[in-house]
> 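Please find one structure pasted underneath; my questions will follow.
For clarity, every value in this text was computed on a predicted model and none was experimentally measured. Residue numbers start from 1 in every chain, and the chains themselves are labelled A, B, ... in the order their sequence lines are given, proteins ahead of strands.
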Amino acid sequence: MDAKTIAPDQKALKVVGTRPVRPDGAPKVTGLARYGADFSLPGMLWGDILRSPHAHARIRSIDTSKARALPGVKAVITAADFPEQKYEFVGPERVAINYWHMTRNVMAREKVLYEGHAVAAVAAVSRAVAAAALRLIAVDYEVLPHVIDVDAAMAPDAPLLFEDMITRGIEPAPDKPSNISKRVELNLGDIEAGFAAADEIVEMNFKTAPVHQGYIEPHACLARFDSGGQGELWSASQGHFVVRAYTAQLLGMNIGDVLVHPAEIGGGFGGKTVIYVEPVAAALSRKSGHPVKIMMSREDVFKATGPTSGSSMTVRIGVKKDGKIVAADGLFKFQAGAFPGSPVMNATMCGFAPYNIANVRSVGYDVVSNRPKSAAYRAPGSPISAFAVESTMDAVAVRIGMDPLKFRLANASRTGTPTAWGPKHAHEGYAETLQALLDHPAYQAPLAKNQGRGVASGFWFNNGGESCATVHVNEDGTVVVATGSMDIGGSRASMAIMAAETLGIAYDRVRAIVADTASIGYTHVTGGSRVTFATGMAVVEACRKVTAELCARAAMIWKVDREDAVWEDGCARHVDKNDKGKSTGKFEPLSLKAIAAKRAVTGGPIVAEAAVNAGGAAPGFASELCEVEVDPETGSVKVLRFIVAQDVGRAIHPSYVEGQLQGGVVQGIGWALNEEYIYDDAGRLLNAGFLDYRIPVASDLPMIETIMVEVPNPNHPFGVKGAGEVNIVPTMAAVANAINHAIGRRLTELPMSPPKVLAALDSGAKG
Amino acid sequence: MAKHHISATLNGNAVEYLCETQQTLLEVLRDELHLTGTKEGCGTGDCGACSVTVDARLVCSCLVLAVEAQGKSIQTIEGMAAGEHLHPLQRKFLEHAALQCGVCTPGILIAARSLLERNPDPTEEEVRFWLAGNLCRCTGYNKIVDAVLDAAREMRGN
Amino acid sequence: MNEIRYEAPTRLEDAVALLAGANGVAKVLAGGTDLLIQMRGGRVAPALLVDIKGIPELTAIVAENGGFRFGAALSCMELIENAEFAAAWPGLTDAVKLIGSVQVKGRASVGGNLCNASPAADSVPALIAAGAVASIAGPGGRREARVEDVATGPGKTSLARGEIVTSFFLPRRPPRSGDAYLRFTPRTEMDIAVVGAGINLTLDEKGVCSQARVSLGAVAERALLVPEAAAALLGSKIDAPALARLGAAASAACRPIDDKRGTREFRIKIAAVLARRAAAIAADRAGRKN
């Protein structure tokens with residue numbers, strides 16, 4: 001069912017925009033909230049997974065006999081325990097999946113394609129027995145040469161991960177296989193003519209290392225699958241319907257026979273929209289006849305779940321002396337990891353999207369290499385291309401002597417600006433974020449020696465999609481709102497706020513829950529900045545059905561025509577439909593509580609469900625300002641100040657929206673300065689832990705200042721624009737530009753760790 | 001080899017458990033005593049999600065063997081509230097939206113309480129450095145620091 | 001199955017006997033913040049753990065002959081909370097403060113930091129610069145060793161089987177003395193030192209350096225005592241030329257490796273920078289008049 005276009009509510013809002021305590025708050029601060037690893041069942045077994053020590057190898061054989069014979073071991077599985085899947089890309093091109101790849105990522109078949117690739121699993125009576133059983137599984141590997149870096153993987157003599165991989169997206173198709181899974185190209189206008197007309201052209205090359213989402217909670221689940229062909233999962237994921245679909249597919253089960261309970265989730269950022277342990281635990285549970293719990297270790301999280309792509313990029317921008325950008329050309333080569341599916345297409349679309357440029361070309365390569373399959377990470381692809389584009393933009397501004405914010409403003413996309421992938425921009429908001437920074441007193445404040453200020457902008461589509469919501473009126477007039485959206489960051493509070501606002505009742509009369517897959521209709525993942533937008537839409541629609549029903553009940557109680565009852569400020573009121581709907585004063589308004597008390601005699605329970613396939617999502621725009629101080633003797637970079645201005649449409653719960661902005665920026669700061677995957681010569685990960693995979697700690701950071709620009713989205717009842725992701729998009733470039741202005745050197749490789757900064761200082765690589 | 005029989009005090013109550021030598025206090029708290037509020041984020045003392053206090057000393061429970069808790073007094077997140085009354089830190093975390101996914105929250109609350117017991121009037125910098133051992137990936141630490149400073153203010157009676 | 005014996009003796013001689021007489025690998029358990037990680041990672045599989053935290057001598061801190069003696073198993077937090085010690089040895093205290101998080105310091109000990117023998121251990125350069133002496137007990141009786149002679153390489157010490165470091169002695173400080181420890185890490189906390197520099201010096205009444213000890217960490221297979229670097233300071237007023245000589249000597253003494261935490265070149269450069277900066281702080285603490 002398509003979502004209707006709903007006009008934005010013009011009246012003063014009572015609950016939207018306030019900051020009440022979230023409904024799941026008390027359990028989370030008292031240790032009672034239950035995350036994926038916190039569930040147990042009687043007779044539960046512990047599952048553990050054997051992983052490849054090699055980056056690339058053929059599996060000659062797997063001998064599990066000794067493991068099976070170990071006392072306390074109740075099941076051992078390999079890929080043989082999963083049905084084969086058809087080789088087929090399904091779903092929209094940007095986010096296509098292929099179950100043939102997915103089942104092999106969950107458990108390797110012909111080859112292992114990265115260190116940490118799962119090859120077998122056991123279920124045993126204790127963690128210690130499970131670990132001992134793994135040591136008894138003998139895998140005969142034929143070690144093969146490996147390749148990890150994206151440029152190396154594209155080289156003609158690179159070791160091939162798939163001997164039959166022919167690049168899609170090239171006409172005519174290549175006659176030799178390679179590691180290039182796909183090529184995409186976007187075109188707008190005529191870039192040759194554009195560059196020919198340019199007064200200045202800047203071209204730069206960039207490289208970024210893979211980074212991990214870094215959620216503090218490792219993947220974990222509990223599975224109870226019986227021989228009767230049904231099963232339950234308690235799983236920490238960003239989408240229990242997706243977990244259900246993938247698990248059912250990989251086990252060859254009907255979707256309806258798998259029930260997934262939404263556990264609380266300890267961070268995801270995109271990395272938990274895919275599955276690793278659930279099908280394994282389900283298969284072990286089915287085989288052993290007992291519930292099976294699996295918790296990934298932190299080391300396995302780094303080695304065997306999906307960091308985002310490392311990349312190699314070239315950006316070229318041509319501009320007139322007056323600041324008008326006349327041509328932009330981007331080449332983006334992304335690591336997909338062991339199986340195809342990097343976010344390179346997103347990157348090609350988002351990179352130049354903030355700007356009105358008549359001539360654009362954007363080419364992307366999706367390249368497989370021997371590291372874990374990439375998974376989504378907060379606006380997947382866009383932060384990477386933005387690093388390249390926004391750094392180049394800064395260099396262009398310097399070249400023509402123009403203020404970097406004014407340069408962007410002069411070229412800012414607005415409603416009607418064409419995009420490189422086809423549709424025209426349909427929303428304002430970007431220019432407002434730039435203006436917010438221009439107007440900020442910090443922008444003109446003087447800086448000291450070795451300090452620098454940098455700015456950058458970014459774009460993210462934001463998604464709509466499928467969501468369901470059910471609203472029940474309880475006997476005492478309180479309300480339960482159930483949705484299918486896992487709550488990562490406080491969305492239950494936003495759902496309760498939107499419901500309370502629509503129903504006209506107090507926030508604490510509404511309880512928002514996340515229902516399991518059997519209790520509510522299909523709801524897509526908590527990701528893509530879609531929950532407040534799309535699930536919020538479903539909630540509002542369901543609440544409007546409830547208010548319509550409440551009016552019908554009131555009309556019944558008053559014995560008047562249905563059209564003579566309207567819902568306003570939490571009550572049914574009697575109006576005269578023949579007199580422009582004016583209030584008659586004939587009956588006392590009936591509150592939700594009063595009508596609920598009479599529900600049995602007016603028709604029974606008051607319930608409504610809404611299902612949406614939300615269109616009309618407005619994109620996210622953010623502009624950011626970073627100030628750093630560089631220690632010229634060590635290359636150490638300290639972030640002194642950071643301001644993020646983002647168009648959020650409308651902040652339903654401002655504290656949680658601020659939290660998204662601050663959190664995304666800090667992830668971006670880590671990505672900019674310290675985070676990277678470091679491999680040895682054998683393709684083994686050297687820093688598979690939080691000690692040497694360095695995410696920001698509290699003492700690394702200043703307070704992150706947020707400016708929430710509100711240009712409401714007319715397609716959402718409260719004007720919501722997705723807010724969760726775009727805040728990470730500009731951050732690395734903002735930091736790079738700040739460093740450039742501090743030391744007069746431009747760094748084009750991430751992370752910009754101290755040795756690189758020091759080397760740049762010593763080499764004189766000017767920006 | 002027989003398991004160790006350990007008697008300790010947990011959140012003010014006497015507790016007993018059996019454990020093998022290599023089992024950590026974290027494992028025993030979660031798997032034997034079924035107190036899952038203390039989380040495993042890394043198992044190697046790098047993230048602080050497993051923070052508890054042992055004899056009032058802030059530690060990572062993944063780096064304490066369960067057998068070492070003999071005769072000691074352990075405090076976990078489950079003991080932080082007084083019945084139905086949340087500790088000011090717990091309240092302020094909720095008021096300030098200082099948690100998003102909440103998985104780091106128990107460890108940070110335990111760590112913050114330990115700080116305020118020693119230093120009732122910390123500066124922002126002191127709060128940040130004390131909490132450096134507690135990783136948070138969701139919040140960027142902003143609202144956490146705000147909440148700790150606000151709780152400290154309330155606890156001082158300002 | 002990996003069954004590990006655990007003993008918690010309260011007398012030093014019992015601990016020594018257990019370690020000396022063990023079948024298979026026996027490990028001292030103090031704070032456990034290195035050992036438990038190594039056990040979890042499968043790098044060490046002890047048959048016996050000897051928990052020494054119950055031995056009073058090993059967790060005490062006392063004034064002795066105008067100096068300080070603190071137990072090798074004393075937790076870092078207890079050491080840095082000792083106001084007298086921190087006032088006497090601010091540099092060593094700074095170093096101990098840098099060992100991991102507050103949680104790690106709540107358990108970790110200086111004895112463990114030394115005997116785990118990571119070349120990057122933070123307390124060690126400061127201990128060496130301070131001229132600290134380790135007391136050792138073993139099957140052959142008691143002995144002493146300068147701290148710089150204890151670690152011999154990554155994960156290796158000069159301790160014989162059954163020997164335990166029991167305490168550290170920091171001598172009485174002459175007037176106008178100051179120490180400092182600086183380390184380089186990518187983040188502000190929670191990292192292993194890429195380079196560590198510990199400096200301890202004494203100035204005479206005219207502000208001229210009369211004694212100095214310089215120690216570098218994470219730039220060789222173990223922390224180094226660098227007499228040439230100290231020589232650069234002696235007889236000087238810790239002025240810019242002296243600091244430049246100090247830096248050059250520090251860089252020259254480095255024999256670092258490339259690893260995931262830093263390259264050779266970077267470490268050699270940073271050693272000079274940190275040595276200069278640590279010397280300036282130590283001189284300030286020594287109360288030099290500018």
> Can we say A:Arg298 and B:Asp46 salt-bridge, meaning some charged N sits less than 4.0 Å from an Asp/Glu carboxylate O?
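The answer is no: the pair does not qualify as a salt bridge.
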
> I'd like to know which of A:Asp487, A:Asp700, A:Ile695 tops the heavy-atom pair count under 4.5 Å against chain B.
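It is A:Ile695.
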
> Heavy-atom distances under 4.5 Å only: say whether A:Ala37 touches chain B with side chain, backbone, both or neither.
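Interface part for A:Ala37: both.
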
> Any idea which of A:Val666, A:Thr706, A:Val697 has the most non-hydrogen atom pairs under 4.5 angstrom with chain B?
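That would be A:Val697.
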
> Answer with side chain, backbone, both or neither: which region of B:Ala49 has an atom nearer than 4.5 Å to a non-hydrogen atom of chain A?
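Just the side chain, heavy atoms under 4.5 Å.
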
> For the candidates B:Thr38, B:Ile77, B:Asp146, B:Asn142, which exhibits the highest count of non-hydrogen atom pairs separated by less than 4.5 Å from chain A?
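Top option by heavy-atom pairs under 4.5 Å: B:Asn142.
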
> Any chance you could measure B:Cys42, atom SG, to A:Leu691, atom CG, to the nearest 0.5 Å?
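Output value for this atom pair is 9.5 Å.
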
> Name the region of A:Pro20, side chain, backbone, both or neither, that has any atom closer than 4.5 Å to a heavy atom of chain B.
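Neither part, no heavy atoms under 4.5 Å.
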
> Can you tell me how far the CZ atom of B:Arg137 sits from the CD atom of A:Glu217, to the nearest 0.5 Å?
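Between B:Arg137 CZ and A:Glu217 CD, I get 15.0 Å after rounding to 0.5 Å.
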
> Could you look at B:Leu94 and say if it's the side chain, the backbone, both or neither that has a heavy atom under 4.5 Å from chain A?
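For B:Leu94, heavy atoms of backbone and side chain both lie under 4.5 Å from chain A.
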
> Would you name the heavy atoms of A:Pro696 and B:Tyr141 that are closest together and state the gap between them?
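Here A:Pro696 and B:Tyr141 meet closest at O-OH, 2.8 Å.
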
> Select one option (side chain, backbone, both, neither) describing which atoms of B:Glu125 are under 4.5 Å from chain A's heavy atoms.
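It is neither, since no heavy atom gets under 4.5 Å.
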
> Side chain, backbone, both or neither: which part of B:Thr139 has an atom under 4.5 Å from a heavy atom of chain A?
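The backbone, not the side chain.
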
> With a 4.5 angstrom heavy-atom cut-off, could you sort out which part of A:Phe269 is near chain B: side chain, backbone, both or neither?
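It is the side chain, since no backbone atom gets that close.
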
> Are A:Leu701 and B:Arg128 close enough, and set up right, to give a side chain to side chain contact (heavy atoms under 4.5 Å, CB included), and what steps lead you there?
CA-CA 9 Å; A:Leu701 303 159; B:Arg128 286 183 179 275; 3.9 Å; yes

> Between A:Tyr35 (side chain) and B:Gly102 (backbone), is there a donor-acceptor pair under 3.5 Å?
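Confirmed, A:Tyr35 side chain pairs with B:Gly102 backbone.
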
> Considering only heavy atoms, which portion of B:Asp31 lies under 4.5 Å from any heavy atom of chain A: side chain, backbone, both, or neither?
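Just the side chain, heavy atoms under 4.5 Å.
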
> Output the option from A:Gly490, A:Gly266, A:Ala493 having the highest count of non-hydrogen pairs under 4.5 Å with chain B.
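Winner by heavy-atom pair count: A:Gly266.
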
> May I ask you to list the residues in residues 50-68 of chain B that approach chain A closer than 4.5 angstrom, counting heavy atoms only, ordered by number?
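The residues closer than 4.5 Å to chain A amount to none at all.
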
> If you check every heavy atom in residues 7-17 of chain B against those of chain A, which residues fall under 4.5 Å?
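Within residues 7-17 of chain B, no residue comes under 4.5 Å of chain A, counting heavy atoms only.
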
> Side chains of A:Arg19 and B:Glu95, heavy atoms from C-beta outward: is any pair under 4.5 Å?
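No, too far: nothing below the 4.5 Å cut-off.
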
> Evaluate A:Asp38 against B:Arg30 for side chain to side chain contact (heavy atoms under 4.5 Å, CB included), listing each step before the verdict.
CA-CA 8 Å; A:Asp38 297 338; B:Arg30 291 180 53 82; 2.7 Å; yes

> Sub-4.5 Å heavy-atom contacts with chain B: which residues of residues 653-665 of chain A show up?
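Within residues 653-665 of chain A, the residues under 4.5 Å from chain B are A:Ser655, A:Tyr656, A:Glu658, A:Gly659, A:Gln660, A:Gln662, A:Gly663.
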
> Does a salt bridge link B:Lys39 with A:Glu264, judged by any charged N lying under 4.0 Å from a carboxylate O?
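A salt bridge is absent here (no side-chain N lies under 4.0 Å from a carboxylate O).
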
> Is B:Leu99 in contact with chain A via its backbone, its side chain, both, or neither, using a 4.5 Å heavy-atom distance?
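B:Leu99 touches chain A through backbone and side-chain heavy atoms alike.
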
> Calculate, to the nearest 0.5 Å, the distance between atoms CD1 and SG belonging to A:Ile488 and B:Cys101 respectively.
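The SG atom of B:Cys101 is 8.5 Å from CD1 of A:Ile488, to the nearest 0.5 Å.
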
> Nearest 0.5 Å please: distance from the CD atom of B:Glu124 over to the OG atom of A:Ser699.
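Result: 11.5 Å between the selected atoms.
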
> Determine the minimum heavy-atom distance between B:Gln100 and A:Arg22, stating which atoms define it.
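Reported closest heavy-atom pair: O-NH2, 2.9 Å.
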
> Between CD of B:Glu40 and CE of A:Met296, what distance do you get to the nearest 0.5 Å?
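Spacing of CD (B:Glu40) from CE (A:Met296) equals 12.5 Å.
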
> Show me the pairs that pass salt bridge (Lys or Arg N to Asp or Glu O under 4.0 Å) and involve residues 69-85 of chain B, at least two apart or across chains.
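Pairs touching residues 69-85 of chain B that pass the test: none.
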
